[in-house]
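In what follows, a single structure is set out as structure tokens and then discussed.
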Amino acid sequence: MITRIFRVKVPKALHAEFEQQFLTISVLSVQSQNGCVSVSVGKPTIWQPEEYVMITEWLSVEALEQFAGKEWNQAVIPSGMEKYVLECWTHHYENLDS
């Protein structure tokens, strides 16, 4: 299994609009992918006041490649969501228990 952590910095003025779109457009586009086991999202805290996170688990690298392409270490931003992104990062980890 592969854990994918997508972090995105969003301007505070756009948080309410972004949250609605993030929970529908972004989460649904990931959940519908073959090989996606789980999706969890988080919103800003006082330590990261502009940063959101999506943590996904994937059955295999192949499943992740089907979703994100050969360069699966790069972020996948659904059409229309790019206007919210100030900065973003994508991290991957092989699960120890797989």
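The shown structure was predicted, so the numbers you read here are calculated from the model rather than taken from an experiment. Counting from 1, the numbers follow the sequence of the chain as shown.
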Spatial distance of atom CD (E51) from atom OG1 (T45) [nearest 0.5 Å]: 8.5 Å
Considering all heavy atoms, the nearest T90-N73 contact: CB-O, 3.6 Å
From CA spacing to verdict: side chain to side chain contact (heavy atoms under 4.5 Å, CB included), K43, H15: CA-CA 9 Å; K43 63 182 186 175; H15 281 193; over 6 Å; no
Single-linkage hydrophobic cluster V76~I2, side-chain heavy atoms < 4.5 angstrom: yes
Residue pair C88 / I77: nearest heavy atoms and the distance that separates them: SG-CD1, 4.4 Å
Transitive ILVMFWY side-chain link V41 to V53, under 4.5 Å: no
CG on L14 to CD on E50, rounded to 0.5 Å: 10.0 Å
K83 side chain near Q21 side chain, heavy-atom distance below 4.5 Å: no
Approximate separation, where rounding is to 0.5 Å, of S26 OG and M81 CE: 3.5 Å
F6 vs V30, side chain to side chain contact (heavy atoms under 4.5 Å, CB included): CA-CA, chis, key distance, verdict: CA-CA 12 Å; F6 169 71; V30 174; over 6 Å; no
Any side-chain heavy-atom pair of I5 and Y93 under 4.5 Å: yes
Side-chain heavy atoms of E17 within contact of Y84, under 4.5 Å: yes
Nearest heavy atoms of P49 and P44, plus distance in Å: O-CB, 3.4 Å
Closest contact, heavy atoms only, E19 versus Y52: OE2-OH, 2.7 Å
Q20, CD atom: more than 12 neighbouring heavy atoms under 6.0 Å: no
Single-linkage hydrophobic cluster V39~W72, side-chain heavy atoms < 4.5 angstrom: yes
Under 3.5 Å donor-acceptor, Q66 side chain and L64 backbone: no
Aromatic ring pairing F67/W58, orientation class (parallel under 30°, perpendicular over 60°, tilted between): parallel
Ion pair check, K70 and E65, cut-off under 4.0 Å: yes
Path from I25 to L23 over hydrophobic side-chain contacts below 4.5 Å: yes
L59 and M1, any side-chain heavy atoms less than 4.5 Å apart: yes
Exercise: identify the closest heavy-atom pair between V10 and L86: C-CD1, 4.2 Å
Exercise: identify the closest heavy-atom pair between R4 and A75: NH2-CA, 3.8 Å
